[in-house]
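One structure is given below, represented as structure tokens, and several questions about it will come after.
Atom set for the values below is all heavy atoms of this structure, side chains included, hydrogens, waters and symmetry mates excluded. Every chain is numbered from 1 and lettered A, B, ... according to where its sequence line falls, protein lines coming before strand lines.
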Amino acid sequence: MAIIGQSGAGKSTLLSLLAGLDEPTSGTVKLMETDLNQLSDAARSTWRSTNLSFIFQAFHLLPELTALENVQLPLDIRGDKQASQQAARLLGKVGLSDRQDHYPAQLSGGEQQRVAIARAFVTAPSILFADEPTGNLDAQTGENIITQLFDINEQQATTLILITHDAALASRCNRQFRLEQGMLIEGLSEARAEGLSEARAEGPNDTINKGSNVEAVKD
Amino acid sequence: MITKLALRQLKAQWRRPDGRALLLSVFLMTSLITLLSLTGDRLEKSLTTRSAEILGADMVMSSHRQLPPGWNSQTVPFGLSTTKVTQFISMVEAQDSMLRSSIRAVDAPYPLRGKVITDPPHLTSAPKSGTVWVEDSVLSRLNINIGDSLNIGYSSFIVDRTLISSPDRGSGFRSFNPHIIMSSDDLAATKVLAPGSRAHYRRLFAGTPEQIQKAEQFFRANLNEEQRLYTAQGNQPVRGNTANNASQYLKLSALFALLLGSFSIYLCLRRFSADQRSRTALLMSLGLSRTQLFQLFSIQLLCGWLLAAIPGALLGFGLHNVVLWKLASLLPQPLPPLSILSLISSPLLAGAILIVAGLATLLPLGKTSVLSLIRQGNDRPSTHKLLYLLTPIALFSIIALFVESALFALLLTTGLLLAGLISGWCVQFLIHTLNQRLKNSIRLFPLLTLRIKQQRHWHRLQGGVLTLLLTLMTVLLFARQDMLSEWQGQLPADTPNQFVIDIQPWEKESVTQWLSDQKIPSTLYPIIRGRIESLNGQEIAQAFTAEQRQHNTLNRELNLTWGNKIPAHNTLNQGQWSSADNAISIEQSMADELSLVLGDEIGFRVGSDLFSGTVTSIRGVEWASFRPNFYVIFSPGVIDQLPATYITSFKTDASQKDATTQLLKAFPTLTLIDIEQLLLQAQDLINKLSDSASLILLLTLLSGLILVITTLQQDLVQRRFEVALLRTLGASANQARQLDMLEYLLIGLSCGLLTCIMSESLLYLIYTNLLQLAPQLHPFLWLALPVLATILFALTGLLTRKTLSLPSSYQLLKSGE
């Protein structure tokens with residue numbers, strides 16, 4: 001599913017509430033049958049690390065670790081014995097097998113984000129939050145990244161929650177929500193839908209159709 | 001995994017200037033503290049040992065009268081070992097030659113601390129009855145050998161051994177005479193000492209420091225006026241409080257280094273913690289728990305400590321040996337062993353400071369939210385006010401614990417902070433003033449003004465620290481040999497360099513004749529020792545205040561003289577020189593401090609005789625003139641008949657070097673004091689001490705520079721941002737560099753100027769108050785210091801500065817990091 005909204009609409013706040021990073025001033029957040037508000041700070045961290053993953057706009061790789069080490073880091077933190085093999089497998093999936101010993105500084109922006117994607121999926125999360133994952137990339141690279149993201153997402157049967165302001169990108173997801181004046185409304189707005197139909201007329205069709213591959217939100 | 005990550009991060013940190021600054025601060029601090037504590041510890045121990053060896057005991061009771069027999073039994077409860085010594089001056093005679101000698105009659109064992117060294121080595125702890133140990137000069141002047149006999153009073157002794165060195169030589173001129181040691185069993189038979197004879201009676205004590213302390217308290221409470229008590233630990237008659245002064249200096253340096261070091265470490269860690277925020281958020285989003293996070297940082301701190309503190313301690317140990325090698329001739333050998341505690345205390349101290357500063361800066365990281373990765377810049381962890389308050393207190397407590405005195409640490413810290421604060425403000429004022437001068441001459445003026453305004457807090461800190469350190473360096477450098485040689489240079493050319501004392505009345509004519517034959521101008525003055533007993537008929541206890549009674553002229557015997565005209569090197573300040581009966585002339589400072597005026601009648605006691613004199617004139621006396629000087633001079637006819645010895649001083653030049661040897665050959669009982677030799681020794685001592693002090697200060701200066709680097713790092717981000725902005729707005733890389741250089745130039749010049757002002761003022765005070773010399777300016781300083789300070793700032797600035805290309809400037813601004 002995609003959540004779309006203009007700058008300042010509250011997309012990031014919604015994300016932080018959903019991921020249990022922030023506490024709501026009123027009401028409760030229930031995710032996968034778990035009331036996040038009922039958990040202690042530590043329990044929430046543990047729950048988060050087993051069930052959630054993040055992909056950020058600014059990649060956030062550790063510069064002193066190689067691509068492989070960056071990907072295996074979350075498994076290392078859990079003490080997973082198969083960390084290295086798992087990480088190598090995921091890097092293979094994003095097409096970076098030959099670059100696994102490179103450091104982030106030796107990788108291009110797109111490659112860095114692919115490492116970040118591999119890292120996000122390596123723990124086989126139930127839900128993956130992606131916050132403007134292509135915001136720092138040029139159009140072509142962004143496109144490739146999204147394709148890979150959606151592909152792996154499908155293979156791993158993960159719920160992807162994509163935060164974006166890009167209507168075209170949002171329309172490739174199974175469900176779209178827009179955030180307007182504090183309300184979450186299903187569907188793209190008319191103006192955006194029109195813009196989108198123009199884009200559809202101009203652009204290649206297959207990019208939009210691939211959006212249907214995204215699995216429905218589990219809950 | 002955590003360890004691996006920690007090590008990787010540490011490696012990455014090392015590539016960053018602030019990471020290096022942190023390791024360097026710890027390294028330098030540890031080496032300095034190791035050097036200071038090792039040196040301090042051994043100096044204190046060896047000087048106490050040395051004092052004990054000079055005294056020949058841990059504690060000495062000394063009196064002009066025999067100690068009452070009860071003394072012995074009183075010492076029993078304290079468990080001290082004890083022995084007694086009687087020292088007196090007497091003529092000894094052998095083969096018709098006479099020699100004035102300082103004779104010690106001792107009980108076995110002797111001494112209690114230190115060693116009497118003889119040739120051949122002695123087997124008994126004191127000379128056997130009927131034998132004496134004599135110094136080489138006794139043998140040569142009496143023209144006798146080992147195995148010959150000499151006479152003391154009515155007894156004859158066999159010279160058993162040559163005395164090479166011995167502790168407990170006594171103080172004052174008594175110790176200048178050739179020494180002889182005999183057994184006290186033989187003393188009575190010599191009949192040299194009759195009631196009223198001048199002799200020194202000493203009882204030596206030795207024991208554990210606790211025993212000595214208890215006994216000292218008891219004895220001090222029971223001392224009479226005649227008796228003096230000296231301990232090796234405390235108020236030694238010989239070396240003052242040298243050990244104390246030295247260790248205070250070392251402690252002061254240590255405190256300075258610790259303050260600088262902890263501050264650098266704190267700032268580095270603060271910067272480190274700020275950099276770690278987004279990384280921490282990321283690691284937490286990947287599932288790192290708080291405990292793991294704590295481990296991650298602890299491992300890094302531990303490794304950093306190992307990397308910096310261990311080599312630091314080793315360097316400190318090496319430097320300590322350099323200092324010891326420098327001071328080798330001043331310290332008793334062999335030196336007391338190193339204490340393990342002082343060797344490991346410094347790395348541990350550095351560790352404690354790292355922990356405190358680390359906790360203060362890294363604990364808030366645990367509160368970092370993953371949110372900061374999503375909403376950039378919005379999420380700053382709240383600062384802990386309590387933590388900010390507790391950190392300086394905890395750091396201060398560690399430091400106070402180390403220097404072993406909270407009050408000392410508090411006073412000095414406050415003093416240093418105040419001095420630093422004031423200098424900091426002055427530097428800032430100077431920067432501002434200098435900047436205003438540039439107003440119309442440079443294009444970058446508005447930017448420079450902005451920069452100076454932004455950086456003023458750091459400028460104050462940098463300026464304060466560097467100015468203090470440079471001032472100390474400068475004063476130390478100038479207050480050494482240049483001063484002593486300048487002082488010597490300012491003395492008149494005819495200033496005497498030889499003193500001769502103990503000229504007997506029957507030798508007066510021939511010594512005068514001999515000197516004039518050698519064309520050495522001199523005047524002989526008689527010396528009669530006497531005490532002031534009364535003022536205008538009142539006893540001194542009533543006539544003077546307690547404070548006045550401490551004056552040199554009242555608390556001991558005075559050297560009195562007489563003459564029919566005022567000495568050529570004195571000035572007549574008040575009244576008239578009078579040759580009238582019972583007229584006396586007194587010295588100005590004595591008149592001032594004892595509130596004496598013309599017409600006062602002063603009573604004196606010489607031996608059993610009483611005299612009085614009326615003050616008819618007050619003289620100005622130059623005490624540092626190296627001529628015989630007197631507080632009181634009688635008119636002729638009052639004390640002329642009393643037995644006197646004579647004193648004179650004269651100048652010998654290079655061609656007359658032999659004259660002094662010949663004089664001693666011609667008159668073997670004279671005592672000659674070579675002032676030039678004494679000054680050379682003093683010069684040597686001062687050089688060695690100030691070399692060591694300079695080494696310590698140099699290291700402290702390095703710590704100060706590290707602090708400057710650290711502070712330059714603190715707002716590096718802001719600086720880079722500013723440069724990036726300038727670059728994208730059209731400034732060339734050159735202009736950006738110029739702006740930095742102008743800033744360093746301003747702060748360097750300001751620090752240099754302030755250092756000049758402070759050093760010159762301090763030197764002025766030292767010249768006028770301590771050395772009593774005409775103060776002078778040092779033009780070289782006014783050139784060198786501003787240049788040096790500017791270079792220091794430019795160098796440290798360049799070390800931290802990174803040139804930004806235009807694209808990377810855009811990148812920096814875009815990424816918003």
Side-chain angles (χ1 to χ4, degrees), chain A residues 8 10-23 41-66 69-81 83-84 103 105 116 119-120 122-123 125 129-132 136 163, chain B residues 1-16 19 272 275-297 299-300 303 365-379 381 807-808 810-817:
Chain A
K11 294 186 301 267
S12 298
T13 310
L14 178 63
L15 175 82
S16 59
L17 287 172
L18 278 179
L21 299 173
D22 224 351
E23 284 184 30
D41 207 30
R44 204 155 53 209
S45 296
T46 319
W47 185 88
R48 206 165 46 218
S49 70
T50 31
N51 295 299
L52 306 185
S53 245
F54 298 88
I55 296 175
F56 307 100
Q57 180 177 1
F59 322 144
H60 289 302
L61 300 178
L62 293 186
E64 68 273 10
L65 299 184
T66 63
E69 287 166 335
N70 263 295
V71 175
Q72 76 180 67
L73 189 60
L75 294 178
D76 279 338
I77 291 173
R78 296 176 180 191
D80 193 323
K81 296 266 186 284
S84 182
Y103 287 92
R119 183 179 64 186
V122 80
T123 55
F129 291 99
D131 181 25
E132 302 279 10
N136 277 6
I163 308 264
Chain B
M1 196 286 305
I2 299 280
T3 316
K4 194 171 107 189
L5 188 61
L7 291 180
R8 289 288 182 86
Q9 285 197 3
L10 191 72
K11 206 171 133 195
Q13 277 304 316
W14 172 246
R15 291 198 209 104
R16 304 166 50 102
F272 173 72
D275 283 353
Q276 295 296 311
R277 232 170 266 155
S278 66
R279 170 190 296 269
T280 307
L282 175 73
L283 289 171
M284 288 174 92
S285 84
L286 296 179
L288 201 73
S289 68
R290 236 166 248 171
T291 321
Q292 286 173 312
L293 194 71
F294 185 72
Q295 285 171 357
L296 179 72
F297 288 125
I299 292 171
Q300 288 187 59
C303 293
L365 276 181
K367 295 239 186 292
T368 310
S369 162
V370 181
L371 213 56
S372 62
L373 294 175
I374 299 163
R375 282 192 228 153
Q376 241 146 33
N378 289 344
D379 185 56
S808 59
Y810 276 119
Q811 196 58 44
L812 185 68
L813 292 176
K814 211 175 104 195
S815 72
E817 275 198 34

Turns out that what part of A:Glu69 lies under 4.5 Å from chain B's heavy atoms comes down to side chain
Can you say whether B:Leu282 sits under 4.5 Å from chain A via the side chain, the backbone, both, or neither, judging by heavy atoms?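 Just the side chain, heavy atoms under 4.5 Å.
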Considering only heavy atoms from C-beta outward, does the side chain of A:Leu62 approach that of B:Leu5 to under 4.5 Å?
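Heavy-atom side-chain distance check passes, below 4.5 Å.
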### Message
Are A:Phe54 and B:Leu286 packed together at the side-chain level, in the sense that at least one heavy-atom pair is separated by less than 4.5 angstrom?
### Response
no
Exercise. Evaluate the ring planes of B:Phe297 and B:Phe272, with Trp represented by its six-membered ring, and classify them as parallel (under 30°), tilted (30 to 60°) or perpendicular (over 60°).
Key: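 Rings of B:Phe297 and B:Phe272: perpendicular, as their planes differ by over 60°.
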Honestly, the part of A:Leu15 sitting under 4.5 Å from a heavy atom of chain B is side chain
When the 4.5 angstrom heavy-atom criterion is applied to B:Lys4 and chain A, the contacting part is side chain
- Message: Can you tell me how the ring of A:His60 sits relative to the ring of A:Phe56, calling it parallel under 30°, perpendicular over 60° and tilted otherwise?
- Response: perpendicular
